[in-house]
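The figures here come from the full heavy-atom set of this structure, side chains too, leaving out hydrogens, waters and symmetry mates. Every chain is numbered from 1 and lettered A, B, ... according to where its sequence line falls, protein lines coming before strand lines. Bear in mind the structure is a predicted one, so any value in this text is a computation, not a measurement.
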Number of protein chains: 2
Amino acid sequence: MSAREPLYRAIANQLQDRINAGEWVPGERMPTEAVLVAEFGVNRLTVRQALAQLRAAGVVDIRQGSGTFVANPPPVLEITVDPGRQVDEGSVHATVQSVVSDVTETVLGEEPDPSPAAAKHLAIDPADVKRLDTLVEAGGDPFAVSSYWLDRRRFPDLAARWVGDAALHGVLREAYGITLFYSWRAFSAAAAGPVEVEQLGGLAGAPLIVRDGVSVDSDGRPVYYVRRRIRAERASYVMHYRT
Amino acid sequence: MSAREPLYRAIANQLQDRINAGEWVPGERMPTEAVLVAEFGVNRLTVRQALAQLRAAGVVDIRQGSGTFVANPPPVLEITVDPGRQVDEGSVHATVQSVVSDVTETVLGEEPDPSPAAAKHLAIDPADVKRLDTLVEAGGDPFAVSSYWLDRRRFPDLAARWVGDAALHGVLREAYGITLFYSWRAFSAAAAGPVEVEQLGGLAGAPLIVRDGVSVDSDGRPVYYVRRRIRAERASYVMHYRT
DNA sequence: CACGATTTGTTCGTATGTATT
DNA sequence: AAATACATACGAACAAATCGT
């Protein structure tokens with residue numbers, strides 16, 4: 001095994017074990033840093049490093065001025081992925097709206113973005129690619145951030161035509177007469193960077209569930225490449241099979 | 001906005017900006033901690049805290065004795081999800097084998113696990129649930145860890161019948177004559193805990209892509225509930241739509 | 001291959017700021 | 001307002017891994 005395990009890691013493991021053993025139940029307050037310092041006979045920084053490990057793993061919730069609590073896994077929102085439905089009608093919007101009525105998608109910004117990957121997905125020149133970022137809010141809380149890469153010649157004034165509470169597929173249908181179809185989707189995960197932290201809240205490095213995809217019009221021509229990010233503890237994508 | 005931004009965060013953001021600006025390209029070595037200490041005029045721990053943020057976000061790669069490097073995004077393995085194929089033949093095995101020939105799935109352990117959630121998915125009593133953990137290795141490197149929850153009365157000696165390089169679906173077909181069908185799958189993300197770090201490597205809190213699912217037999221009876229974890233930077237699940 | 005220099009990792013100590021109770 | 005508890009920041013020392021001579 002490991003020749004010498006760092007103190008902070010040993011303490012983190014021991015605390016994890018005691019949580020698993022039920023010494024503190026989810027939502028319950030754990031001993032303060034000062035108490036742990038006395039109990040383990042180490043420096044406060046060492047205790048904090050141990051707690052930081054558990055926080056990063058989503059095991060504990062640390063609140064300034066209040067204390068450290070065993071994390072209470074919140075209910076995850078299950079976003080249904082229906083492979084049979086090829087028309088893109090916004091799975092996130094539909095799912096979130098069934099739980100929270102107050103769902104909005106607002107434009108955060110729009111700018112040229114000569115991304116080679118996006119250009120390849122759209123089959124256009126990188127110089128013609130623009131990126132439009134939006135924020136989906138549910139009940140006033142940030143839920144998802146989306147980046148759409150589009151052909152800026154085809155949709156020159158997209159942001160201006162955006163109406164506050166609509167989703168992009170609705171804007172494209174009503175303003176441009178485009179019906180969207182899914183081409184492909186991909187599910188992956190990533191760590192939250194400074195930008196995502198500012199947009200979605202949470203901590204740097206927190207896991208995000210990422211959904212990429214390309215939607216095409218009725219002619220099969222790519223309309224946009226999208227990358228949507230949601231904090232991992234908030235949602236999951238569920239796909240049911242026909243039996 | 002933020003009244004007072006912590007020093008370490010300001011430094012992290014500035015370093016991030018300079019990386020984005022191309023001051024250091026991916027794979028290139030960044031200034032040492034000592035240099036950054038002198039440059040920003042702060043304590044070394046403050047610099048380290050800033051770098052820890054970037055490391056957690058996957059922006060930099062820090063190697064003891066060597067230095068800090070701009071992260072080089074490794075190629076992700078795209079695991080194809082075919083909603084049309086309802087027979088469970090092991091999508092991970094199939095995909096990984098197409099790239100690396102040396103793929104094995106070995107049993108890490110088998111033990112009773114009265115998980116209420118698993119019992120519900122299997123429609124059996126929690127006392128009858130056992131969990132079997134396996135490790136998928138590709139080219140000698142750990143790639144994925146899977147936990148299978150099964151009815152221990154139905155599969156009493158499953159681990160004993162396991163042959164080293166097979167996948168579970170093959171074991172069930174050959175040893176029990178069961179053909180598996182997908183019932184549902186779910187994609188989510190989570191932070192790596194101590195257990196996952198030991199099994200998959202990486203850092204505590206690193207993002208994992210998680211795939212849950214239930215497979216049933218030809219009678220529609222649940223056979224197992226599975227939860228597979230892969231380090232986020234290693235893979236993504238891709239679903240193509242029929243046009 | 002050995003060894004020293006370099007660079008990051010861990011741990012102690014101390015002080016002050018900020019949020020919550 | 002005071003006490004409590006976590007957040008930030010500085011200083012110092014030694015350990016461990018890496019790399020070049």
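- A donor-acceptor contact under 3.5 Å links the side chain of Gln64(A) to the base of dG17(C).
- Here Thr32(B) does not reach the OP1 or OP2 of dT6(C): none of its side-chain N or O atoms lies under 4.0 Å away.
- Side-chain N/O atoms of Tyr237(A) and Arg211(B) include no donor and acceptor closer than 3.5 Å.
- A cation-pi arrangement, defined by a distance under 6.0 Å to the six-membered ring centre and an angle within 45 degrees of its axis, is present between Arg63(B) and Phe69(B).
- Rounding to whole angstrom units, CZ of residue Arg55(A) and P of dA5(D) are separated by 19 Å.
- The partner of dA1(D), taking Watson-Crick or G-U wobble pairs whose two distances both stay under 3.5 Å, does not exist in any strand shown.
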Problem set entry | Test log, rule side chain to side chain contact (heavy atoms under 4.5 Å, CB included), inputs Val81(A) and Phe187(A) | CA-CA 11 Å; Val81(A) 178; Phe187(A) 303 96; 3.9 Å; yes
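- Taking only side-chain nitrogens and oxygens, Thr68(B) never comes nearer than 4.0 Å to OP1 or OP2 of dT7(C).
- Rounded to a whole Å, the CG atom of Leu7(B) is 17 Å from the P atom of dT16(C).
- Just one of Trp149(B), Tyr224(B), Trp184(B) meets the ring pair (Phe, Tyr, Trp, His ring centres under 6.0 Å) condition when paired with His121(B); it is Trp184(B).
- Taking atom CZ of Arg9(A) as the reference point, atom P of dT11(C) lies 10 Å away to the nearest angstrom.
- Remark: P of dG20(D) and CZ of Arg29(B) are 9 Å apart, rounded to the nearest angstrom.
- Atom CD of Glu5(B) and atom P of dA7(D) are 17 Å apart (whole Å).
- Between Tyr8(B) and dT8(D), a side-chain N or O to OP1/OP2 separation shorter than 4.0 Å is present.
- Between the CG atom of Leu203(A) and the C1' atom of dC6(D) there is a distance of 13 Å, given to the nearest Å.
- Between Arg44(B) and the phosphate of dC10(D), there is no side-chain N or O to OP1/OP2 separation shorter than 4.0 Å.
- Ranked by how close their nearest DNA chain C nucleotide is to the 5' end, Leu45(A) and Ala34(B) are led by Ala34(B).
- In this entry the distance linking CZ of Arg48(A) with P of dG9(C) reads 19 Å, nearest Å.
- One atom, CD of Gln49(B), and another, P of dC6(D), lie 16 Å apart when rounded to the nearest Å.
- Nearest approach of Pro207(B) to Ala189(A), heavy atoms of both residues: CB-CB, 4.5 Å.
- Where Arg63(A) and Ser66(B) each meet DNA chain C at their nearest nucleotide, the meeting point lying more 5' is that of Ser66(B).
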